[in-house]
Every structure is written in structure tokens, then in C-alpha cells.
Amino acid sequence: MTVRVRIAPSPTGNLHIGTARTAVFNWLFARRYGGTFILRIEDTDLERSRPEFTQNILDGLSWLGLNWDEGPFFQSQRSELYRQYLQLLLDKGLAYRAYETPAELEELRSSQKANHQAPRYDNRHRSLTPEQRSAYEAEGRQCVIRFIIDDLREITWNDGVRGQIAWKGQDLGGDMVIARAAPANEIGLPLYNFVVVVDDIAMNISHVIRGEDHIGNTPKQILLYEALGAIVPQFAHTPLILNSSGAKLSKRDGVTSISDFQLMGYVSGAMANYMSLLGWSPPEPMTEQFSLADAATHFSFDRVNRSGAKFDWDKLNWLNSHYLHKLSITQLTDLLIPIWEEAGYEFHRVNERQWLEQLTALLSSSLVRLTDGVDLARPFLAKELEYNESAVAQLRQPQGINSLKYVISQLPDAPLTLEMAQALIQQVVQVQGLKKGLVMKTMRAALTGELQGPDLLESWLLLNQRKVDLKRLEQALMI
RNA sequence: GCCCCCAUCGUCUAGAGGCCUAGGACACCUCCCUUUCACGGAGAAAACGGGGAUUCGAAUUCCCCUGGGGGUACCA
């Protein structure tokens, strides 16, 4: 079996998670069967397509590790091919020119609606006489090209995910427009359903893997394959990604583009892993945490679910933190440095590398998203320390103030070590007869402005290395 | 309206007639670890939409209902 699959995004927006997930399934399937994964940009909608969206799509797919073997191909550069096929259908009498105005079609639809009938084209221009045609043309009317759909046809296919699906020709809405309006002797711009088929034929696509929202297009496309004398590919319609209310996830639901997730601090491995899990489940020995390469060795449509999957931030977050925790300190630091720089923190990325890695190690277990590193690092990297309310309250307790004074008086000039810090805390506790918890809490409030955070002693050591601990302890006395 | 698809814990899912007193994961809750937070570990709670039919036996097959979703363009 020669597998050739494609992802065909349209550059009318940034790479959407739904498109990306379809890309994942196509990629997985191609890799599983040693096939070819093709990228085709469907930019036939000249009005809405924009080059920056194309770039965003390319970048997003690359970031996710969904490398393509052929392409990107651009439909806007293939119009000659479409024109030829359109002419072919016209010549074979399988398509015809129709001259209705948009207003006339609208009238037809509204009268059907009023009679509780399904809106459909009534094929009224299917068999125009030459006289009628020239009369319309004399009026200066433009015409579209319609592909003839036999109402009596029954179209069936065996869907890779859903099994047998059947449609009646009469439910397809009448002869379908395949080329937009143009002057009577020209051929207008081709429409989606037609272009997809022409390209999939030209590119020898063996399996069309796409979202469930395309099921209704499939019978029309099958008819076009037949009309063009081509072999009909296998179809597999994957479930949709749903929002929390259970409807198809759309831009209106907030964060949906891959580049947004990237900006929010999600790593590509976690995203790819999570998207795979939305509709596909790995077979037994595998756990839910896997790379695309792992998944590719086991991917099959048998394990693709048929019902839609709600997008779940909790699970994505869990996976992302898992991936983050798995990274080495070196890798994590590399990822965090640009984020810290972006946040406006001042440090020397080379000279202070070792210190930054210590900071990374200290914070790493608390990271869910990379961008969490901004808040977590604030007490260590921000110029001015901010105290939250409970920290202020803590610093106003007389006993706490005394313990701080004691620590200040005993703080050595030499760089602090873990042992020294531990001993110092122990000393305060004994000398002043305080609870260890109180001393620790007060120290934390003074050093970080917060009552919660990573290991206090480690934090102290880091601040000591930057020589800000004494300053902060003294400053805390004035609160 | 019409057509199509779907239906297991809150969520993602396993389950292809007896292995199911329905398994896993996330989230939630409890406990342990711990100065705190997080991480980590242990545990609890939680589902087959309803009704028929087939069968010795149904979450698994069939039908109906209900519910949800998708589509219905001179968008993709």
C-alpha cells in the first residue's frame, strides 16, 4: 500500500489547533506506513488569504515536529490545472453554465424555506437551449459552472473511522457550483470542493484524513472523482475538538492557535502529545505520555474514537508540566532565559549562567508552563522586591523582627553555604526560643516578599550569591 | 426544516457477547513527605442516557426515543 496523505490548511488565520490535530493524524498515519506527508496551502479564497498566515502555519507545523515530505504547494499557483479540468467537465457535458443572479437564487431558497422544504438548487439551467443561453448572455449576465448531480444516485464509502456511510444524491442540494461567476465566455475561479479533488488526484493522495465537518463534502467529491475518471481515495473522518460547551472549537473560544499556545509557554512535545490523545488512544503497553515517533509506530484508525473530544486545559497542563520536568536543567534554562529577558529582568546570560541554572533547578518543580517562570523568578530577578499582604503581616510580628535582627547580626561576610544557613536558623530558634516555623516564615517574607515558594534555604543561598540577602533583611525591618 | 454523524466516571478514554461487582489517565477529595508552595508517594469518590428486541447471558448486536454535534454557500 502506497500511502500519500496531505494536510491542506487555508491561510485565512493562524494555524488552528483543529487543523494541527488533523495534521498530527495525517503525519502519524504517513509515518506508520512509510508514506508521504504533503503540505498544500489552500489559498483559493483571495479575499481572506494572507501571507503572514501562511508563514504562521509553516512555523507552527515545524515547531510541532510535523515535517512534510512534499510541498508546500499553493493552489493559487495552479489555476491553469483547474481551468483545464473545468473545461474537461464542460466538454464532457458533466457540467454546465448557469446564469441565475444571486438574487434569483436567494428568492428560490426563501420560497423553499417558506414551504418547509430543504433549500436546494432546482437545476433549472441544466438543459438550457442555445437560444435561452444567448438571451441570458445578451442581457450581459455572468454565469457560474455547475456540476451535474444525479438525484437518484446513492453514494457510499467505507470511512476509515466510521465505517459505512451512505448519502442520497437528492440530499446534496442540486447541481453544485464548481466555479464562481464570470463573463459568459470565461471560466470563473474554481471552488473548494472542486479544487480539493483536482489536487488530490494530481498529487495521488491515497487517504484523505480530515475533520468530521467534511463528511458532507465527501459524497460530492466522490462524484467529482468519478466524473474525472480518477480512483476514489480512502476517507477517514476524525472527531472534532470541542469547547467546554460541546460545540466545535472556534477562534471565538479564546486561545486556539498553535502560536498562542507556544507564547503561553507550552512546549511542542506536550502539545503534540495532547493533540494525539484527543481522539486517539495508544494501545496497551503504552502510557499516555509519548512522543510523535512513539505514537507513529502504533498508530491506526482502529483506535480513533468516533465522538468529539472536549478540549481540557487541565490535562494539557499536566502533560506540559510533565515534559518540563523531564527536561535537563541546561535545556530548561535555555528555554527560560528568553522568557526572563522578555519580562525585563536584568542579568547576564553568560556570566551568570551557573547561577541561572541553580535558579532553574530551584523553580523547576513548580513549572506548569514556561511562562510561570516569570512570576516564580520575580523575587530573584526583579530589581525591587514586592511584598504581598500576608508577608507584610508576617514582618510586623515583634518576635519575627527580633529573629531577623539576630540573623543580620550573625550573617557572615563570606559566601553562605547550606550548612551555615541551617546552623544560623537553628541558632535563632534556640537563642530566642522561637518556633522554627515562625523563623522560617519570617525569613521567607523578608527575603522573597511572599509566604510561599520553593525551598527557603536554597532561595536564600541564591540571593546571597547575588548579595541582596542582607539588604532585604534590613529592608524588612522597616516594613 | 432537511441530511449526516455521535452517545461509558466532571473531562479524555479502555472495552469489539461471558475475562466487567466496567479498567486507566486528568481534575477533585483524604493521607504521607515537608517551615510553606510545588514535586513525589498512597488511597477514596465517580460512568455504561431511556425503552424495547435478539441471546442461557449485552456496556458490547438490532430497532425506537431522547440528547448532543456537524453540514446544508458563487467560504474553506
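Keep in mind that what you see is a predicted model, and the values were worked out from it rather than measured. Note: hydrogens, waters and symmetry copies are ignored here, and every other heavy atom, side chains too, is used. Note on naming: letters A, B, ... go to the chains in the order of the sequence lines (proteins, then strands), and numbering restarts at 1 for each one.
- Among the nucleotides rC74(B), rA38(B), rU36(B), the one closest to any side-chain atom of Ser366(A) is rA38(B).
- Side-chain N/O atoms of Gln221(A) and Asn193(A) include a donor and acceptor closer than 3.5 Å.
- A distance-only check finds no donor-acceptor pair linking the side chain of Asn320(A) to the backbone of Ala270(A) [under 3.5 Å].
- When the C1' atom is used for both rC12(B) and rA46(B), the distance is 15 Å, rounded to whole Å.
- With P as the reference atom, rG50(B) and rC9(B) are 11 Å apart, rounded to whole Å.
- Nucleotide rC2(B): paired with rG71(B) (Watson-Crick or G-U wobble, both distances less than 3.5 Å).
- Residue Asp455(A) is in base contact, counting any heavy-atom pair closer than 4.0 Å across all strands shown.
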Using a cut-off of under 3.5 Å, enumerate the N/O to N/O pairs linking the protein to nucleotides 22-29 of chain B.
from    : atom 1 : to        : atom 2 : distance (Å)
rG24(B) : N2     : Glu288(A) : OE2    : 3.3
rA25(B) : O4'    : Glu288(A) : OE1    : 3.2
rA25(B) : O2'    : Glu288(A) : OE1    : 2.4
rA25(B) : O2'    : Lys315(A) : NZ     : 3.3
rA25(B) : N3     : Lys315(A) : NZ     : 3.1
rC26(B) : O2'    : Asp314(A) : O      : 3.4
rC26(B) : O2'    : Lys315(A) : N      : 3.4

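- In this structure, Arg303(A) forms no cation-pi arrangement with Phe299(A), as its terminal cationic atom is not both closer than 6.0 Å to the ring centre and no more than 45° off the ring axis.
- If you check rG71(B), rC37(B), rU13(B) against the side chain of Gln452(A), the one that comes closest is rC37(B).
- Residue contacts for Asn217(A): at a heavy-atom cut-off of 4.0 Å it reaches a base atom on one of the strands shown.
- Among residues two or more places apart in sequence or in another chain, the salt bridge (charged side-chain N to carboxylate O under 4.0 Å, His left out) test is passed with Asp122(A) by Arg124(A).
- Rounded to a whole Å, the CD atom of Gln221(A) is 15 Å from the C1' atom of rU72(B).
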Point to revise | side-chain contact (heavy atoms from CB on, under 4.5 Å) assessment of Leu81(A) paired with Asp199(A) | key: CA-CA 9 Å; Leu81(A) 180 68; Asp199(A) 276 337; 4.3 Å; yes
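- Residue-level contact check: Ser10(A) touches the backbone only, with heavy atoms under 4.0 Å from sugar-phosphate atoms and none from bases.
- The residue among Arg303(A) and Pro119(A) whose nearest nucleotide of RNA chain B is located toward the 5' end is Pro119(A).
- With sequence neighbours excluded, the residues that form a salt bridge (charged side-chain N to carboxylate O under 4.0 Å, His left out) with Arg120(A) are Asp151(A).
- Here, rG49(B) and rG69(B) have their C1' atoms 16 Å apart, quoted to the whole Å.
- Take the nearest nucleotide of RNA chain B for Ala309(A) and for Gly216(A): the residue whose nucleotide is more 5' is Ala309(A).
- Taking atom CZ of residue Arg210(A) and atom P of nucleotide rG70(B), one finds them 17 Å apart after rounding to whole Å.
- Considering only residues two or more places apart in sequence or on other chains, Arg210(A) meets the salt bridge (charged side-chain N to carboxylate O under 4.0 Å, His left out) condition with none of them.
- Nucleotide rG17(B) is matched to nothing when pairs are restricted to Watson-Crick or G-U wobble geometry with both distances under 3.5 angstrom.
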Practice item. With side-chain contact (heavy atoms from CB on, under 4.5 Å) as the test, would you mind laying out the steps for Asp253(A) and Phe311(A) before giving the verdict? Key: CA-CA 11 Å; Asp253(A) 292 308; Phe311(A) 183 86; over 6 Å; no
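- Of the candidate nucleotides rG70(B), rC75(B), rU35(B), rU35(B) has the atom lying nearest to any side-chain atom of Lys436(A).
- Every residue meeting the side-chain hydrogen bond (donor to acceptor under 3.5 Å, both in side chains) condition with Gln87(A), not counting sequence neighbours, appears here in chain and number order: Asp91(A).
- When both distances must be under 3.5 Å, the Watson-Crick or G-U wobble mate of rA45(B) does not exist.
- Atom name C1', nucleotides rG15(B) and rA22(B): the rounded distance is 8 Å, in whole Å.
- For the C1' atoms, the distance from rU13(B) to rU55(B) is 29 Å, rounded to whole Å.
- Between the P atom of rG68(B) and the CG atom of Asp213(A) lies a distance of 20 Å, rounded to the nearest Å.
- Among the heavy atoms of the strands, none lies under 4.0 Å from Gly211(A).
- Using a 4.0 Å heavy-atom distance criterion, Glu106(A) is classed as making no nucleic acid contact.
- Counting any heavy atom pair closer than 4.0 Å across all strands shown, Leu277(A) reaches sugar-phosphate atoms only and no base atom.
- Nucleotides rC6(B) and rA59(B) have their C1' atoms positioned 16 Å apart, rounded to a whole Å.
- The side-chain hydrogen bond (donor to acceptor under 3.5 Å, both in side chains) test applied to Ser111(A) returns no partner, not counting sequence neighbours.
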I'd like a table of atom pairs between the protein and nucleotides 42-47 of chain B - only N or O on both sides, under 3.5 Å - with the distance next to each one.
none

**Study point:** CA sep, side-chain torsions, deciding dist, call: Lys405(A), Leu473(A), side-chain contact (heavy atoms from CB on, under 4.5 Å)
**Key:** CA-CA 8 Å; Lys405(A) 284 180 178 161; Leu473(A) 293 174; over 6 Å; no
Show each protein N/O and nucleotides 3-6 of chain B N/O combination with a separation under 3.5 Å, one pair to a line.
from   : atom 1 : to        : atom 2 : distance (Å)
rC5(B) : O2'    : Arg162(A) : NH1    : 2.5
rC5(B) : O2'    : Glu212(A) : OE2    : 3.2

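- Remark: Lys310(A) is not in phosphate contact with rU13(B), judged by side-chain N or O atoms under 4.0 Å from OP1 or OP2.
- Thr44(A) has a side-chain polar atom (N or O) that falls below the 4.0 Å cut-off from OP1 or OP2 of rA76(B).
- For residues 325-333 of chain A, proximity to RNA chain B is found at no residue, defined as any non-hydrogen atom under 4.0 angstrom from a strand atom.
- Taking every side-chain heavy atom of Ala118(A) into account, rG1(B) is the closest of rA38(B), rG1(B), rC75(B).
- rU8(B) and rG23(B) have their C1' atoms separated by 11 Å, given to the nearest Å.
- Ion pairing between a basic and an acidic side chain is recognised when a charged N comes within 4.0 Å of a carboxylate O; Lys248(A) and Glu212(A) show no such pairing.
- Listed in residue order, the members of residues 232-243 of chain A having a heavy atom less than 4.0 Å from RNA chain B are Leu240(A).
- Residue pairs satisfying the side chain to side chain donor-acceptor pair (under 3.5 Å) criterion with at least one member in residues 434-455 of chain A, sequence neighbours excluded, are listed as follows: Gln394(A)-Thr442(A).
- Among pairs with a residue in residues 422-434 of chain A, those fulfilling side chain to side chain donor-acceptor pair (under 3.5 Å) read Tyr406(A)-Gln427(A), at least two apart in sequence or across chains.
- Within the 4.0 Å cut-off from OP1 or OP2 of rC75(B), not a single side-chain nitrogen or oxygen of Asn193(A) is found.
- Salt-bridge check for Asp375(A) with Arg378(A): passed, with a basic side-chain N closer than 4.0 Å to an acidic carboxylate O.
- With a 3.5 Å ceiling on both atom-pair distances, rC9(B) lacks any Watson-Crick or G-U wobble partner.
- Checked by atom type and distance alone, the side chain of Asn317(A) pairs as donor or acceptor with a backbone atom of Trp313(A) at under 3.5 Å.
- Distance check on atom C1': rG17(B) versus rG57(B) gives 7 Å, rounded to whole Å.
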